[in-house]
Protein chains: 2
Amino acid sequence: MLKLSKLTDYAAMMMAQIARAPEEAHTASELAQRLHLPHPTVGKTLKMLAKEGLLISRRGSHGGYVLARPAVEIAASDIIAAIEGPIGMTECSHVDGECELIGTCGVADNWQRVSQAIRTLLDGVTLAHLAQEAPIKLPVLMPIQSVTLPSVAEGRR
Amino acid sequence: MLKLSKLTDYAAMMMAQIARAPEEAHTASELAQRLHLPHPTVGKTLKMLAKEGLLISRRGSHGGYVLARPAVEIAASDIIAAIEGPIGMTECSHVDGECELIGTCGVADNWQRVSQAIRTLLDGVTLAHLAQEAPIKLPVLMPIQSVTLPSVAEGRR
DNA sequence: GCAAAGGGGACTAAAATGGTCCTATATGAT
DNA sequence: ATCATATAGGACCATTTTAGTCCCCTTTGC
């Protein structure tokens, strides 16, 4: 369903939680408790976010995680990419040309443009937006270029 | 990776192929051959598309599938929804309030708005766009409302 | 009646996902 | 020094989802 994985969802929750109190270090157990999520899973997710450079960790007692940069500089796409890998709607929209159907599929190019548009949208949403309560105002995306279908249909025979 | 499933990808390919020769009925075997996809899978996918009302099927010899409506009236979101079910980035963005984390997650509202924006984008892309070779011109999506993060951070303690 | 199509569903193999657990290492306090 | 508290980094497993296959039935045109 074009869905995020649960882990990505959790990641967003955690990042938002951290963003709301950016001065303090947050431990895995604290976040697990607050968000009602299983502790080991929270730990695992935090590790991923840290490894991808979105969080900075400190070990030892009084350790925990803090944002690696200000919340306005962390995009929703960063969080998604950190957990799920590169964002792309189709195989061929990100892999380095490994799709053997390229020649016959016939939709690759425009699919990739759609994919890019979604990526751009997600780049524009920051962690600060997600963490705040005020509604984000997203631009109404509009229609797009008109098409001349009949000629396309004919041109193909 | 915010990815479409393979079947959805196939579905788009098939729909585009049909849209390019909208007068003729297309059989599963024909499409399988042309797109280099396994026949049974193509058949299965076509059945789904027909059941969701995007294609009209005709049985018997000389049977096959045709578009249920003109390609300009079929949105990318229709195709995705036909194969994957309702589009939504998170659990709570479509299910009828079944998420028990709603109270604590803190990102649901804005996540849903993002989700909605993607849906709108996908509504604006039609099968005609996908089927044509000319590049779709997608609108540049822009930034969004500015945020006041510090106050949010403070307001939360 | 026969061959060519789709309709419907059961089934299986493989992959992704979510979740757990263990050991090692770093850090601060006593 | 030692201990308690954290993260780091994997290995591991159970479950679910996904993709793909197969079979039997019905419809339709010749």
Side-chain angles (χ1 to χ4, degrees), chain A residues 1-14 18 24-33 35-68 80 82-86 88 90-91 99-101, chain B residues 1-14 18 24-33 35-68 80 82-86 90-91 99 101:
Chain A
M1 323 187 183
L2 211 59
K3 238 193 323 217
L4 300 176
S5 76
K6 273 197 199 176
L7 285 197
T8 308
D9 213 355
Y10 296 169
M13 293 164 59
M14 294 177 221
I18 295 173
E24 306 152 24
H26 299 261
T27 69
S29 359
E30 174 218 322
L31 292 169
Q33 255 191 338
L35 301 172
H36 297 114
L37 298 175
H39 181 172
T41 303
V42 170
K44 182 183 183 177
T45 308
L46 287 167
K47 284 176 210 169
M48 292 195 240
L49 292 168
K51 197 187 305 194
E52 295 301 314
L54 300 186
L55 291 176
I56 290 173
S57 63
R58 231 182 79 190
R59 295 184 169 194
S61 71
H62 294 201
Y65 297 88
V66 293
L67 297 185
I80 297 174
I83 308 295
E84 316 202 352
T90 55
E91 279 309 325
C99 176
E100 346 80 39
L101 297 172
Chain B
M1 324 186 182
L2 212 58
K3 239 196 321 221
L4 300 177
S5 76
K6 273 198 199 176
L7 285 196
T8 308
D9 213 356
Y10 296 168
M13 292 165 60
M14 294 177 220
I18 296 173
E24 306 152 23
H26 299 261
T27 69
S29 0
E30 175 219 320
L31 292 169
Q33 256 190 338
L35 301 173
H36 298 113
L37 297 175
H39 181 174
T41 302
V42 169
K44 182 183 183 177
T45 309
L46 287 167
K47 283 177 209 168
M48 293 195 240
L49 292 167
K51 197 187 307 192
E52 295 300 315
L54 300 186
L55 293 176
I56 290 173
S57 63
R58 232 181 78 191
R59 295 183 169 196
S61 71
H62 293 204
Y65 295 88
V66 293
L67 296 185
I80 298 173
I83 308 294
E84 317 203 350
T90 55
E91 279 308 325
C99 176
L101 297 172

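Residue numbers start from 1 in every chain, and the chains themselves are labelled A, B, ... in the order their sequence lines are given, proteins ahead of strands. When reading the values below, keep in mind they use all heavy atoms of this one structure, side chains included, and skip hydrogens, waters and symmetry mates. In this text, all values refer to a predicted model and were calculated from it rather than measured experimentally.
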To the nearest Å, how far apart are [X] [atom1] and [N] [atom2]?
| X | N | atom1 | atom2 | answer |
| --- | --- | --- | --- | --- |
| A:R58 | D:dA6 | CZ | P | 12 Å |
| A:K3 | D:dT16 | NZ | P | 14 Å |
| B:L35 | D:dA19 | CG | P | 16 Å |
| B:K6 | D:dT21 | NZ | P | 11 Å |
| B:Y65 | D:dT27 | OH | P | 15 Å |
| A:H36 | C:dG19 | NE2 | P | 15 Å |
| B:M14 | D:dA19 | CE | C1' | 12 Å |
| B:H62 | D:dT27 | NE2 | P | 19 Å |

Give [X] one of three labels, base, sugar-phosphate or nothing, depending on what nucleic acid heavy atoms sit under 4.0 Å from its own.
| X | result |
| --- | --- |
| A:A28 | sugar-phosphate |
| B:G43 | nothing |
| A:P40 | base |

Looking only at side-chain N and O atoms, does [X] come under 4.0 Å of OP1 or OP2 in [N]?
| X | N | value |
| --- | --- | --- |
| B:Y10 | D:dG20 | yes |
| B:T27 | C:dG6 | no |
| A:S5 | C:dA16 | no |
| B:S29 | C:dA5 | no |

Mind checking whether [X] and [Y] have side chains closer than 4.5 Å, heavy atoms only?
| X | Y | answer |
| --- | --- | --- |
| A:L7 | A:M48 | yes |
| B:L4 | B:I83 | no |
| A:M14 | A:T45 | yes |

Original post:
Does anything in residues 44-56 of chain B reach DNA chain D, meaning a heavy atom under 4.0 Å, and if so which residues?
Top reply: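 Under 4.0 Å from DNA chain D: B:K44.
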**OP:** Under the salt bridge (charged side-chain N to carboxylate O under 4.0 Å, His left out) rule, collect the residues that match up with B:E30, sequence neighbours excluded.
**Re:**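 Applying salt bridge (charged side-chain N to carboxylate O under 4.0 Å, His left out) to B:E30 gives B:R34.
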Subject >> Approximate separation, where rounding is to 0.5 Å, of A:K47 NZ and A:L55 CG >> reply: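 Output value for this atom pair is 13.5 Å.
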**OP:** Rounded to the nearest 0.5 Å, what's the gap from OH on A:Y65 to CD1 on A:I18? Could you check?
**Re:**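 Going from OH on A:Y65 over to CD1 on A:I18, the span is 9.0 Å.
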Original post:
Mind checking what makes side-chain contact (heavy atoms from CB on, under 4.5 Å) contact with B:S29, not counting sequence neighbours?
Top reply: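 B:S29 satisfies side-chain contact (heavy atoms from CB on, under 4.5 Å) with B:T27, B:H39 once adjacent residues are dropped.
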Original post:
Looking at residues at least two apart in the chain, or sitting in another chain, which of them share a side-chain contact (heavy atoms from CB on, under 4.5 Å) with B:P38?
Top reply: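 Checked B:P38 against side-chain contact (heavy atoms from CB on, under 4.5 Å); matches are B:P40, B:T41.
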**OP:** Please identify each residue that fulfils side-chain hydrogen bond (donor to acceptor under 3.5 Å, both in side chains) with B:T8, with sequence neighbours left out.
**Re:**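 In terms of side-chain hydrogen bond (donor to acceptor under 3.5 Å, both in side chains), with neighbours along the sequence ignored, B:T8 is linked to B:S5, B:E84.
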Measure all distances between protein nitrogen or oxygen atoms and nitrogen or oxygen atoms of nucleotides 23-26 of chain C, and list the pairs falling under 3.5 Å.
from   : atom 1 : to    : atom 2 : distance (Å)
C:dT25 : O2     : A:R59 : NH1    : 3.1
C:dA26 : O4'    : A:R59 : NH1    : 2.9

Subject >> Closest non-hydrogen atom pair, B:G43 against B:A28 >> reply: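 That would be CA-CB, 4.1 Å.
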